[in-house]
There are 2 protein chains.
Amino acid sequence: MNQLLTKSMTVSDLASASRVNASAVRFYDKHGLIAGERTSGNQRRFSEEDACRIKVIRVAQRVGLSVSEISELLIDLPSKPSSAEWAVVGAKLRAAAQERIDQLNHALDDLTGPVQLCDVSNSVDSPEA
Amino acid sequence: MNQLLTKSMTVSDLASASRVNASAVRFYDKHGLIAGERTSGNQRRFSEEDACRIKVIRVAQRVGLSVSEISELLIDLPSKPSSAEWAVVGAKLRAAAQERIDQLNHALDDLTGPVQLCDVSNSVDSPEA
DNA sequence: CTAAAACTTGAACAAAGGTTGAAGTCAAGT
DNA sequence: ACTTGACTTCAACCTTTGTTCAAGTTTTAG
């Protein structure tokens with residue numbers, strides 16, 4: 001069996017591999033964003049899949065998604081996802097990012113566009129009458 | 001004198017004009033993001049300029065800037081800014097937005113690009129030996 | 001002038017996304 | 001088997017960006 005696919009990493013293994021704090025790993029686990037298993041002694045164990053999920057989580061956060069939105073993004077992702085299944089997640093993230101970008105550009109256009117919404121200076125009534 | 005340029009709006013005037021809560025206006029004032037004056041009785045008074053500042057603040061927040069970053073964005077803006085001075089702020093905001101967008105696209109490319117960083121499935125060692 | 005409405009400050013609370021610490025349990029080396 | 005380091009949960013705390021509330025002051029309309 002592929003060692004990378006077995007749930008053999010501890011919380012701190014995954015944390016250092018993903019360069020996040022162990023407490024963040026527990027936080028993501030508590031919110032169901034990663035797919036850890038438990039040993040008979042109740043300790044968490046993770047695989048590379050969970051490292052990938054954390055990569056997705058970090059990007060999704062930069063896109064501006066909340067934990068519950070990321071949860072919805074990942075809810076359809078099964079254990080041991082195929083390439084195609086990861087690609088679906090990637091596409092959804094790209095779409096979400098593009099939506100944010102479009103909103104942002106729209107807001108910027110409102111601010112600095114043809115109408116000059118923020119220009120209030122010396123033009124509304126005649127200067128010094 | 002142009003009525004729009006005098007500091008004659010109260011906190012709630014500005015709040016309703018900007019469609020934010022009065023507490024948000026006080027918050028922005030406390031952090032120096034808007035340029036209110038005080039009456040002899042210590043009450044705040046604002047002009048249209050402050051409504052413009054609040055527009056900038058809201059867009060900047062969507063770009064992802066924190067209050068202290070927005071503070072730096074606005075620190076060079078004088079009282080009664082000219083068109084050109086507003087345009088500088090607009091340009092800085094656009095640049096900040098573009099930077100975020102570029103970072104985001106870079107992160108997305110890392111995630112879903114040619115290398116398929118999140119594809120770990122069935123390909124690292126031979127399937128079932 | 002007075003009463004009501006709106007203003008002032010400060011402190012407490014909220015939600016998100018964690019971090020830190022305490023007390024106790026598990027796992028790994030010898 | 002025992003020790004030590006890493007793990008567990010839970011609760012308290014942190015930062016950001018506000019909101020809400022209480023007690024007291026200012027403004028404004030009559």
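In the text below, chain A, chain B and the rest are named by the order of the sequence lines, each starting its count at 1.
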DNA chain C: 5'-proximal contact among Phe27(A) and Ser40(A) (nearest heavy atom) =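 Nearest nucleotide further toward 5': that of Phe27(A).
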Could you write out each protein N or O paired with an N or O of nucleotides 3-7 of chain C at a distance under 3.5 Å?
{"residue": "dC7(C)", "atom": "OP1", "partner": "Thr10(B)", "partner atom": "OG1", "Å": "2.8"}
{"residue": "dC7(C)", "atom": "OP1", "partner": "Ser12(B)", "partner atom": "N", "Å": "3.4"}
{"residue": "dC7(C)", "atom": "OP1", "partner": "Ser12(B)", "partner atom": "OG", "Å": "2.5"}
{"residue": "dC7(C)", "atom": "OP2", "partner": "Ser12(B)", "partner atom": "OG", "Å": "2.7"}
{"residue": "dC7(C)", "atom": "O4'", "partner": "Gln43(B)", "partner atom": "NE2", "Å": "3.4"}

Compare every heavy atom of [Y] with every heavy atom of [X], then report the nearest pair and how far apart it is.
X: Phe46(B); Y: Ile34(B); value: CE2-CD1, 3.5 Å
X: Ser18(A); Y: Ala51(A); value: OG-CA, 4.0 Å
X: Asp13(A); Y: Ser8(A); value: OD2-O, 4.3 Å

Show me the protein contacts with nucleotides 21-24 of chain C, counting only N or O atoms at under 3.5 Å.
none

Rounded distance (Å) that lies between atom C1' of dG18(C) and atom OH of Tyr28(A):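 After rounding, the gap between these two atoms is 8 Å.
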Under 4.0 Å between a side-chain N or O of Arg38(B) and OP1 or OP2 of dT9(C)?
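For dT9(C), OP1/OP2 do have a side-chain N/O of Arg38(B) under 4.0 Å.
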Less than 4.0 angstrom between a side-chain N/O of Thr39(A) and OP1 or OP2 of dC26(C), yes or no?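 No, because none of the side-chain N or O atoms of Thr39(A) sits under 4.0 Å from OP1 or OP2 of dC26(C).
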Are more than 12 heavy atoms, taken from residues, nucleotides or ligands other than His106(B), located less than 6.0 Å from that residue's NE2 atom?
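Check fails, neighbour count at 12 or below.
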If the condition is side-chain contact (heavy atoms from CB on, under 4.5 Å), which residues does Glu85(A) pass it with, not counting sequence neighbours?
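Counting only residues at least two positions away or on another chain, Glu85(A) forms a side-chain contact (heavy atoms from CB on, under 4.5 Å) with Leu77(A), Pro78(A), Pro81(A), Ser82(A).
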side-chain contact (heavy atoms from CB on, under 4.5 Å) against Glu37(B), all qualifying residues, sequence neighbours excluded:
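Expected list: Lys7(B).
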Considering residues at least two apart in sequence or located in another chain, which fulfil the salt bridge (Lys or Arg N to Asp or Glu O under 4.0 Å) criterion with [X]?
X: Arg100(A); value: none
X: Arg19(B); value: none
X: Arg44(B); value: Asp29(B)

- Task: With sequence neighbours excluded, give me every salt bridge (charged side-chain N to carboxylate O under 4.0 Å, His left out) pair touching residues 67-77 of chain A.
- Result: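 The answer is Asp76(A)-Lys92(A).
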Can you name the side chain to side chain donor-acceptor pair (under 3.5 Å) partners of Gln103(B), sequence neighbours left out?
->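 So Gln103(B) forms no side chain to side chain donor-acceptor pair (under 3.5 Å) with any residue.
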message: Could you measure the distance from the CD1 atom of Ile101(A) to the CD1 atom of Ile101(B)? Nearest 0.5 Å is fine.
response: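 So the CD1 of Ile101(A) and the CD1 of Ile101(B) are separated by 5.0 Å.
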### Ile70(A) CD1 to Ser66(A) OG distance, which is reported to the nearest 0.5 Å
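Nearest 0.5 Å value for the CD1-OG distance: 6.5 Å.
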Using a heavy-atom cut-off of 4.0 Å to chain B, what are the terminal contacting nucleotides of DNA chain D, in 5' to 3' order?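 That gives a stretch of dT17(D) to dT27(D).
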**Asked** Can you list the steps and then say if Ile57(A) with Arg62(A) is a side-chain contact (heavy atoms from CB on, under 4.5 Å)?
**Response** CA-CA 9 Å; Ile57(A) 291 165; Arg62(A) 292 174 64 174; over 6 Å; no
Handout entry: side-chain contact (heavy atoms from CB on, under 4.5 Å) between Asp50(A) and Ile54(A), intermediate numbers included
Key = CA-CA 6 Å; Asp50(A) 299 295; Ile54(A) 289 180; 5.7 Å; no
Contacting residues from residues 17-25 of chain B, given that a heavy atom lies under 4.0 angstrom of DNA chain D:
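When residues 17-25 of chain B is checked for heavy atoms under 4.0 Å from DNA chain D, the hits, listed by number, are Asn21(B), Ser23(B), Ala24(B).
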Enumerate all atom pairs, one protein N or O and one N or O from nucleotides 11-16 of chain C, separated by less than 3.5 Å.
none

